[in-house]
> 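So that we are looking at the same thing, I have put the structure below in structure tokens.
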Amino acid sequence: MSDLLTERTAARPNHRQEEAVRAKGVSVRRKRAVTLGRSLAGLLTLALVWETAPRLGLVDAYFIPPLHVVLQTWWEMVTSGELWRHVSASLVRSAVGFGLAIVLAIPLGAAIAWYRPVREFSTPVLEIFRNTAALAILPVFILLLGIGETSKVAIVLYACFFPILLSTISGVASVDVQLLRTARVLGLSPVETFRKVVFPAAVPTIFTGIRISGAAAILVLIAAEMIGATAGLGFLINYAQFNFLIPTMYAAIITTSAIGVGVNYGLVALERRFSRWRA
Amino acid sequence: MSSRIELTRVRQTFLVRGDEDRALREFVALDDLDLVVEAGEFLTIVGPSGCGKSTVLDLIGGLATPTSGRLTADGVPITGPGLDRSVVFQQYTLLPWRTAQANVELALEASGGLTRRERSDRAREYLDLVGLSDFAGRFPHELSGGMKQRVAIARSLSHQPQVLLMDEPFGALDAQTRERLQEELLSIWRRTGTTVVFITHDIDEAVFLGQRVAVMSARPGRIQEVVRIELDQDRAGEEDLRSSRRFAAYRHHIWSLLRQQQLGAEQGGDRDEDRELSHV
Ligand SMILES: Nc1ncnc2c1ncn2[C@@H]1O[C@H](COP(=O)(O)OP(=O)(O)O)[C@@H](O)[C@H]1O
Ligand SMILES: [Mg+2]
């Protein structure tokens with residue numbers, strides 16, 4: 001009977017499986033190239049429309065200048081350092097608010113989820129806060145904290161806090177009971193159980209909240225900067241519009257979109273990295 | 001490396017809500033259950049689904065406390081989970097974000113007293129015991145169902161428990177994998193000498209594995225009869241033990257016991273059936 005123990009299944013897939021995988025690999029690669037090609041074509045079309053529509057007089061070139069004018073202005077702002085001044089102001093504010101939200105919401109959410117009575121007590125209150133638009137609260141923050149950096153960081157913190165908090169609560173609360181039973185059988189202490197079983201199991205869910213917050217951080221900040229600020233992309237967009245610096249306004253808008261896309265891609269990649277075992 | 005387990009007049013009730021009225025009612029899952037598992041013995045418990053097998057195992061594992069009665073391991077009352085008793089569940093319970101190796105190490109991290117290096121060596125040793133050395137670095141989603149259960153068995157054995165409790169561990173596997181794992185389990189049991197309590201609803205599995213088979217009856221859960229099995233396991237490799245006459249006789253005997261129960265239940269339970277039909 002011991003030969004049954006020594007007899008092992010091959011770790012490598014058999015030939016046919018390998019071939020299948022290889023065939024699939026090729027088609028996947030080609031599919032990816034096609035997808036990328038189409039995406040680029042889409043972007044190019046948008047650029048082309050933006051460039052030609054004002055030139056052909058389809059739209060007023062004063063209000064929507066051709067793309068190359070916008071890009072020229074953008075480049076001037078980059079080289080003069082003006083753009084960076086605004087971008088860095090916005091990035092610092094959103095990063096601080098976002099970071100604070102992560103640091104505060106994850107432990108709090110974990111604690112709330114871990115103690116059932118606390119969870120049941122706080123859920124309705126949290127739902128109310130979550131469904132109160134951050135910008136609706138902005139006047140309150142300005143009243144309390146003035147129009148300086150603090151109120152802007154606070155509004156980002158507020159916007160980021162609830163998605164992370166609620167996803168942490170749901171991630172921790174929905175850990176497979178069978179895994180918890182296993183932890184008990186293996187003699188894991190409550191702290192070890194949390195650290196080695198509950199938290200890792202909740203990470204993918206928590207990350208969904210973090211990704212949502214990343215988008216919210218920028219969105220809310222831009223709006224807040226339009227109301228009261230002397231630097232930042234939101235301020236720049238608003239200021240340019242008031243002073244009829246139309247190309248500058250579009251340059252700032254493009255920059256905002258690019259940052260949004262970048263942040264989202266970065267967070268999605270991180271989320272994938274942390275959820276690989278879910279496959 | 002093995003303990004004697006004793007259950008004396010164990011009763012377990014649950015509060016359940018009635019189907020018609022929403023009132024809480026007491027449901028007797030186990031009633032006056034007596035059972036002794038000798039040190040080093042391989043005991044299987046067989047019974048129809050819902051008769052209280054898992055409840056018995058949860059009690060021995062210390063995951064639940066009985067309503068009344070006494071449970072002891074080597075004379076010491078069981079009050080909670082302990083590293084002297086290990087459980088393999090039917091559902092796969094590996095941590096999906098850990099490799100097979102790291103899953104086995106989890107059991108050793110909790111028991112403490114080992115360095116990182118020793119844990120890793122021990123985990124390898126036990127993965128080797130279940131024939132999975134080549135798969136140490138794989139994640140659960142890269143393993144078949146049978147492999148996952150083998151990792152779970154390695155994890156349960158790695159901290160060298162006195163008693164191994166198994167709740168239908170092969171229930172979700174295909175017939176061939178199951179038979180192979182049964183043979184491997186017997187071989188591991190012979191080498192480690194651990195007491196094994198193995199739960200199943202499959203009569204063949206109970207007869208093949210057990211030195212004794214405890215047949216359970218339902219409503220309320222009790223041990224109806226304990227059947228001693230004497231099969232020449234040493235020759236199992238050469239001939240098909242499962243088609244021998246002795247095996248067939250044991251199977252028939254246990255089948256009849258379970259059948260009697262079922263007939264008894266049907267006669268007493270006509271009302272239940274009527275109600276079920278009226279729902280359709
Ligand atoms: N926590 C519980 N609450 C209420 N009823 C339970 C609970 N656990 C088990 N039961 C009931 O006790 C009976 C025995 O369950 P179980 O031990 O899981 O049976 P088996 O493992 O033999 O299929 C079943 O009728 C089940 O519904
Ligand atoms: Mg069960």
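A, B, ... follow the sequence lines: proteins, then strands. Residue 1 opens every chain. All figures in this text were calculated on a predicted structure; none of them were measured in a lab.
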> Side chain, backbone, both or neither: which part of A:V203 has an atom under 4.5 Å from a heavy atom of chain B?
neither
> Above 12 or not: heavy atoms from other molecules or residues under 6.0 Å from CZ of B:R122?
yes
> What is the distance from atom CG of A:D176 to atom CD of B:Q91, rounded to the nearest 0.5 Å?
8.0 Å
> For B:Q176, I'd like to know if atom CD has over 12 heavy atoms of other residues, nucleotides or ligands within 6.0 Å.
no
> Do A:R181 and B:D58 touch side chain to side chain, with heavy atoms closer than 4.5 Å?
yes
> Side chain, backbone, both or neither: which part of B:L94 has an atom under 4.5 Å from a heavy atom of chain A?
backbone
> How close do A:V197 and B:W97 get, counting heavy atoms only, and between which atoms?
O-CH2, 3.3 Å
> Evaluate B:L95 against A:T182 for side-chain contact (heavy atoms from CB on, under 4.5 Å), listing each step before the verdict.
CA-CA 10 Å; B:L95 302 184; A:T182 303; over 6 Å; no
> Should B:H159 and A:L186 count as side-chain neighbours, where that means a heavy-atom distance under 4.5 Å?
yes
> Between A:V185 and B:F89, is a side-chain contact (heavy atoms from CB on, under 4.5 Å) present by the stated rule, with each step listed?
CA-CA 11 Å; A:V185 166; B:F89 299 102; 4.1 Å; yes
> Only pairs of heavy atoms separated by less than 4.5 Å count here; which of A:A201, A:G187, A:S189, A:A183 has the most with chain B?
A:A201
> Let me know if A:E192 has heavy atoms under 4.5 Å from chain B in its side chain, its backbone, both or neither.
side chain
> Of the backbone (N, CA, C, O) and the side chain (C-beta and beyond), which part of B:E142 lies under 4.5 Å from a heavy atom of chain A, both, or neither?
neither
> Is A:F129 atom CZ crowded by more than 12 heavy atoms from other residues, nucleotides or ligands, each under 6.0 Å away?
no
> If you count the non-hydrogen atoms of other residues, nucleotides and ligands that lie under 6.0 Å from CZ in B:F14, is the total more than 12?
yes
> Mind listing the closest non-hydrogen atom pair of B:G62 and A:R184 along with its distance?
O-NH2, 3.7 Å
> Sort A:L179 into side chain, backbone, both or neither according to what part of it lies under 4.5 angstrom from a heavy atom of chain B.
side chain
